[in-house]
Amino acid sequence: MNDTSYKIGMLGTGRMAINLSRLWAAKGHRIFIGSRDPQKAKTVAANVEGAVQGGSYRETAAFADVLALAIPWTAVTATLPNLGLLDGKILIDMTNPVEQTAVGMQLAIGHTTSFAEEIAQLTPGARVVKAYNSIYFDVLTDPQFGDQNASAFICGDDVTAKEVVAQLSQDIGFDPVDSGPLSNARLLEPLAVLWMQLAFSSHGTDIALKLLKR
Ligand SMILES: NC(=O)c1ccc[n+]([C@@H]2O[C@H](COP(=O)([O-])OP(=O)(O)OC[C@H]3O[C@@H](n4cnc5c(N)ncnc54)[C@H](OP(=O)(O)O)[C@@H]3O)[C@@H](O)[C@H]2O)c1
């Protein structure tokens, strides 16, 4: 593990939030879990081993150097203005802007933009990084498939922020893949739709994406 310990704010108390909080706390990062209901966050945090606190979304954002958006995409636009100033903070967007249509799961915002870019427009001072949006919450805790580790595709416009998220990914056993600028979220978001279609049709959820190299 890298010696650098980050102050990570987890927005949400669901499946991704709890698994990532546990994993990062176990690697020595300081975790603050946020909920719409601060009391719920405190209860959740008390059950996550490690140096973990809980509170409101605003308290979570104030604590964090790295904030992870682990809430439904439909809740993001209403939640961001409640976080206070995010200047300089790394904001990890793991959301998937999807909806069910007559032809199955599709991107709700189309292919000519991405939700990560929309988040960046709403949080001008934050360093937005798209990551983890095509990793199943259960796979977070077990990223090894045979002798291969699953990839964590990461895109963003701030090189240092991407390096931090790459390190955080490595800390929990993923092979980080720098996937270019934030506009490449236009590629990572539809990739996640394919991943979900494969997971929820024929292959099951114990799958992961991997960039093979030689
Ligand atoms: N599940 C996966 O395998 C997976 C994989 C890749 C990406 N993702 C993405 O990761 C995000 C979290 O997924 P999840 O499966 O962890 O979700 P989840 O288990 O349903 O939890 C989502 C959390 O978001 C908060 N929330 C719900 N509605 C909200 C609202 N209207 N406003 C503000 N906060 C709200 C809730 O926390 P409080 O009630 O405590 O506020 C809830 O615990 C989603 O965007 C999802 O698309 C999920």
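Just so you know, these numbers come straight off a predicted model, no measurement behind them. Order of appearance sets the numbers: ligands from 1, and atoms from 1 within every ligand.
Shown here is Asp37, whose CG atom has more than 12 heavy atoms of other residues, nucleotides or ligands within 6.0 Å.
A donor and an acceptor atom, one from each side chain of Thr160 and Glu163, are nowhere located under 3.5 Å apart. Side-chain contact annotation: Lys40 with Thr13, donor-acceptor N/O pair under 3.5 Å present. If you check the side chains of Asn133 and Asn96, you find a donor sitting under 3.5 Å from an acceptor.
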Which protein N or O atoms sit under 3.5 Å from any N or O of ligand 1? Give each pair with its distance.
| from | atom 1 | to | atom 2 | distance (Å) |
| --- | --- | --- | --- | --- |
| ligand 1 | 3 (O) | Phe137 | N | 2.8 |
| ligand 1 | 15 (O) | Arg15 | NE | 3.1 |
| ligand 1 | 15 (O) | Arg15 | NH2 | 2.8 |
| ligand 1 | 16 (O) | Arg15 | N | 3.1 |
| ligand 1 | 16 (O) | Met16 | N | 2.8 |
| ligand 1 | 19 (O) | Arg15 | N | 3.0 |
| ligand 1 | 19 (O) | Arg15 | NE | 3.2 |
| ligand 1 | 28 (N) | Arg36 | NH1 | 3.3 |
| ligand 1 | 28 (N) | Arg36 | NH2 | 3.4 |
| ligand 1 | 31 (N) | Arg36 | NH1 | 3.4 |
| ligand 1 | 34 (N) | Tyr57 | OH | 2.9 |
| ligand 1 | 37 (O) | Thr13 | OG1 | 3.3 |
| ligand 1 | 39 (O) | Arg36 | NH2 | 2.8 |
| ligand 1 | 39 (O) | Lys40 | NZ | 2.9 |
| ligand 1 | 40 (O) | Thr13 | OG1 | 2.6 |
| ligand 1 | 40 (O) | Ser35 | OG | 2.5 |
| ligand 1 | 40 (O) | Lys40 | NZ | 3.2 |
| ligand 1 | 41 (O) | Ser35 | OG | 3.3 |
| ligand 1 | 41 (O) | Arg36 | N | 2.9 |
| ligand 1 | 41 (O) | Arg36 | NE | 3.0 |
| ligand 1 | 41 (O) | Tyr57 | OH | 3.0 |
| ligand 1 | 43 (O) | Thr13 | N | 3.4 |
| ligand 1 | 43 (O) | Thr13 | OG1 | 3.2 |
| ligand 1 | 43 (O) | Gly14 | N | 3.1 |
| ligand 1 | 45 (O) | Ile71 | O | 2.7 |

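Between Phe32 and Glu59, some side-chain heavy-atom pair lies under the 4.5 Å cut-off.
Looking at Asp65 and Lys7, no side-chain N of the basic residue comes within less than 4.0 Å of a carboxylate O on the acidic one, giving no salt bridge.
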